[in-house]
Amino acid sequence: MSAILKAEEICKYFGAIRAVKEVSFEVGEGELLALIGPNGAGKSTCFNMLMGQLKPTAGKVYLRDQELTGLGPRDIWRKGVGRTFQITATYQSMTVVENVQMALISHHRRLFSVLPFAHKLYREEAMHFLEVVGMQDQAERHCAVLAYGDLKRLELAIALSHDPQLLLMDEPTAGMAPKERIGLMQLTADIVRDRKISVLFTEHDMDVVFAHAHRVMVLNRGELIAQGSVEDIRNNAQVQEVYLGGGTLFKDEEEKADA
Ligand code: ADP
Ligand code: MG
């Protein structure tokens, strides 16, 4: 497996708090990789370092052979690392298709020269991305009236319109109903397969993680304590211990025990 992204001993300290301690990992080409761990484990801090929102205290980040460490979010995004946000970021006053068109215009760097007739540009391409996420029927609706799950899918279409090689999704299903969560992750898994991109995501619903992730990494108190296949992680004693309090990791077993 060749790596698209490599983190080498990245650290982030906030004063005395060591949020992330010498974490190293790789994201493989075409891989759907989950980063899990209890609240406060350092998952978002890791994401923010990969995306350039936070500068690592130490360590390095590479996209293939290019170093990303120290670059700002916009430069990293231009190199082909996309992200979706925990809070959806769309233009409420525009329609669904207009939001994707705006993203395409910005991707092709034509924002200021074409604004007066922006509505004509990239419409077909925008419709294509809406089709990928199953939103073509809602193209003419205003974003302000969309259901939360649909906004999340629109956000995914916008992220894809920047043609990322790697997509970072920090809790993409936060605030969604369980059925919608499975749906969004299924869609993400299909996109990874069909478009041959890589995705690194965090998720607290273990059913979603175990159903879709190709591989799982576990962060606890800023340290990577395990990584491996879904089966490896399910059976890892240290991981079980970390999750004992929450009890969400082994729902199947709990259900069996209750029966
Ligand atoms: P997770 O996403 O796994 O829930 P975070 O990365 O958000 O965890 O947080 C890891 C630790 O770093 C927590 O103890 C959190 O309070 C701390 N932390 C995160 N961001 C900041 C910040 N900007 N300033 C100070 N402490 C922070
Ligand atoms: Mg977080």
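Ligands are counted one by one from 1 in listed order, and the atoms in each one are counted from 1 as well. For this chain, numbers begin at 1 and follow the sequence in order. Remember, it's a predicted structure, so these values are computed and weren't measured experimentally.
Gln186 and Asp190 share a donor-acceptor pair across their side chains, judged by distance under 3.5 Å alone.
Glu29 and Arg64 are joined by a salt bridge, as a carboxylate oxygen and a charged side-chain nitrogen come within less than 4.0 angstrom of each other.
No side-chain heavy atom of Val81 sits under 4.5 Å from any side-chain heavy atom of Gln165.
For Gly37, the closest heavy-atom approach to ligand 1 does not fall below 4.0 Å.
For ligand 1, the atoms lying closer than 4.0 Å to a non-hydrogen atom of Lys43 are 1 (P), 2 (O), 3 (O), 4 (O), 6 (O), 8 (O). Shown in contact with Ala41 at under 4.0 Å from a heavy atom are these atoms of ligand 1, numbered in order with element: 1 (P), 3 (O), 8 (O). Within ligand 1, the atoms closer than 4.0 Å to a non-hydrogen atom of Thr45 are 5 (P), 6 (O), 9 (O), 10 (C), 19 (C), numbered from 1 in the order shown.
No donor-acceptor pair under 3.5 Å is formed between the side chain of Glu125 and the backbone N or O of Tyr122. Put simply, the side chain of Thr202 never gets that close to the backbone of Ile36: no donor and acceptor are under 3.5 Å apart.
Applying the side chain to side chain contact (heavy atoms under 4.5 Å, CB included) criterion to Val132, with sequence neighbours excluded, gives His128, Leu160, Ile191, Arg195.
With values rounded to the nearest 0.5 angstrom, Met135 atom CE is found 9.5 Å from Asp137 atom CG.
Taking atom 7 (O) of ligand 1 as the reference point, the nearest protein heavy-atom neighbour is Ser44 CB, 3.8 Å. Looking only at heavy atoms of the protein, atom 12 (O) of ligand 1 is closest to Ala19 CB, 3.3 Å. Here the protein heavy atom with the shortest distance to atom 4 (O) of ligand 1 is Gly40 N, 2.7 Å. For atom 19 (C) of ligand 1, the closest heavy atom belonging to the protein is Phe14 CE1, 3.5 Å.
Checking Ser44 against the Mg ion (ligand 2), an N/O/S atom falls under the 2.8 Å cut-off.
Linking ILVMFWY side-chain heavy atoms closer than 4.5 Å, directly or via other members, places Met49 and Tyr62 in two distinct hydrophobic clusters.
At least one N or O atom of Gly42 sits closer than 3.5 Å to an N or O atom of ligand 1.
Proximity of atom 16 (O) of ligand 1 to the protein is not indicated, since no non-hydrogen protein atom lies closer than 4.0 angstrom.
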